[in-house]
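Worksheet for the structure shown next.
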Amino acid sequence: HYDPVLLSRIVAKINDTSCTPLDRVQLLSEQMLLARSGVTSTSSLIELLGSYAHETEESVWTMISLTINELKRFTENDITAQKQLKSFARSIAIDQYNYLGWVPVAGESESQSKRRSIVMGLMLYAEDHDAIENAVRVFMNHTLEEIEPELRPHVLSAVINHSHDDSTVTALFNLYRTSPSAELRNDLSIALCSSRDPVFTQQILAALLDAKYVRQQDIRHWVVRLLQNPVSRELTWSWLRSNWKWIETKFKGDKSYDD
């Protein structure tokens with residue numbers, strides 16, 4: 001825990017890039033844990049994050065994303081705070097969004113591809129209109145196999161939540177059942193579980209009881225992702241309670257579920 005004067009000096013070094021990437025990751029990680037435990041305030045964490053707007057290292061962007069995800073927990077029941085956090089996330093990511101763009105550069109590093117994925121995820125979380133329009137355009141102009149794997153879950157989530165086309169969402173859900181690609185099924189699951197439509201969430205939960213849609217070993221991934229989504233959490237918790245006997249019967253011999 002740093003005193004305000006020392007912390008301001010450290011932040012100044014972040015701004016003039018004299019801190020190493022490891023230093024920048026460590027500082028953000030420490031302050032996130034201190035805010036989580038109540039030792040420091042979330043407002044001070046947000047102030048610190050503002051110093052990372054010109055960050056270029058993928059490892060640091062990973063920590064930035066984790067920190068914003070941590071801040072989301074404090075805004076779930078406050079629409080005004082949610083809007084403010086989305087606006088803040090956009091302000092952090094916009095420079096890298098404009099720099100990286102949606103199209104991978106030939107021969108670019110894996111680190112840059114991952115950084116693009118993190119930045120696009122933040123811009124879509126912020127509901128930036130340009131990011132949403134470009135994500136939908138990528139979906140419309142490419143097959144799912146052609147979309148950059150790092151970007152595909154974000155593109156699919158944007159389509160599911162912003163296309164306003166129920167037939168497309170249904171088609172993606174059916175594709176999950178029929179696709180032979182485990183990687184594509186995983187991306188589809190991530191995106192489908194991000195839905196903000198309670199009616200569709202009910203359809204997903206009903207499908208979890210049908211082995212024709214979701215294999216037994218994949219059910220836990222769907223449930224965890226639905227619980228992580230604030231919009232579907234209550235419905236999923238109710239489903240768990242209502243179907244607990246089925247869950248016990250289904251998984252009683254599976255040691256991987258003991259914890």
Side-chain angles (χ1 to χ4, degrees), residues 1-2 4 7-8 11 14-15 24 27-55 60-98 117-136 153-165 169 190-202 204 224-238:
H1 179 41
Y2 303 98
L7 184 59
S8 66
V11 168
I14 291 173
N15 286 322
R24 299 197 295 275
L27 175 63
L28 200 49
S29 176
E30 289 173 349
Q31 296 304 304
M32 180 180 71
L33 292 173
L34 288 170
R36 180 187 295 174
S37 62
V39 175
T40 59
S41 65
T42 55
S43 60
S44 66
L45 183 58
I46 289 172
E47 184 178 352
L48 174 61
L49 266 174
S51 306
Y52 287 76
H54 303 295
E55 183 57 56
V60 185
W61 272 104
T62 298
M63 184 52 63
I64 292 171
S65 179
L66 287 171
T67 305
I68 290 177
N69 284 337
E70 178 70 16
L71 289 168
K72 289 178 187 177
R73 297 194 308 113
F74 299 98
T75 67
E76 285 185 2
N77 300 314
D78 187 333
I79 294 175
T80 300
Q82 287 177 18
K83 290 179 179 178
Q84 291 172 340
L85 183 58
K86 288 179 180 182
S87 177
F88 177 73
R90 183 185 183 279
S91 72
I92 294 292
I94 186 64
D95 282 354
Q96 284 295 299
Y97 175 78
N98 291 330
S117 173
I118 294 167
V119 168
M120 296 309 168
L122 289 173
M123 291 294 285
L124 290 169
Y125 160 71
E127 297 186 320
D128 178 82
H129 293 302
D130 184 77
I132 292 169
E133 288 177 2
N134 274 288
V136 173
H154 301 309
V155 169
L156 290 170
S157 294
V159 169
I160 286 167
N161 285 298
H162 299 287
S163 70
H164 309 295
D165 182 354
V169 177
I190 292 170
L192 291 164
C193 289
S194 75
S195 173
R196 302 170 194 162
D197 181 357
V199 174
F200 182 62
T201 297
Q202 292 281 23
I204 292 176
V224 169
R225 287 163 182 161
L226 288 169
L227 288 170
Q228 289 172 334
N229 180 350
V231 178
S232 58
R233 184 176 300 145
E234 187 173 341
L235 283 172
T236 306
W237 178 241
S238 178

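Only heavy atoms go into these numbers, but all of them, side chains included; no hydrogens, no water, no symmetry mates.
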(request) Please check if the side chain of S232 supplies one atom and the backbone of L226 the other of a donor-acceptor pair under 3.5 Å. (result) yes

(request) Hey, could you give me the CG/CD distance between N98 and Q96, rounded to the nearest 0.5 Å? (result) 9.5 Å

(request) State, without any angle test, whether Y97 and D128 hold a side-chain donor-acceptor pair at a distance under 3.5 Å. (result) no

(request) Say whether, by atom type as modelled, one donor and one acceptor occur between the side chain of S87 and the main chain of K83 under 3.5 angstrom. (result) no

(request) Look only at the side chain of S91 and the backbone of F88, and say whether a donor-acceptor pair between them is shorter than 3.5 Å. (result) yes

(request) Taking all non-hydrogen atoms of both residues into account, name the closest pair between I118 and W61 and its distance. (result) CG2-O, 3.6 Å

(request) Write down the atom of A126, the atom of R90, and the distance for their closest heavy-atom approach. (result) CB-CB, 3.7 Å

(request) Flag yes if more than 12 heavy atoms outside E234 fall under 6.0 Å of its CD atom; otherwise flag no. (result) no

(request) Report the distance from atom OG1 of T236 to atom CD of Q228, rounding to the nearest 0.5 Å. (result) 10.5 Å

(message) If you compare all heavy atoms of L124 against all heavy atoms of A135, which two are closest, and at what distance to 0.1 Å?
(response) CD2-CB, 4.2 Å

(message) Would L71 and L49 count as a side-chain contact (heavy atoms from CB on, under 4.5 Å) here? Give the steps.
(response) CA-CA 11 Å; L71 289 168; L49 266 174; 3.7 Å; yes

(message) Please check: side-chain N/O of S37 versus main-chain N/O of L34, any donor-acceptor pairing under 3.5 Å?
(response) yes

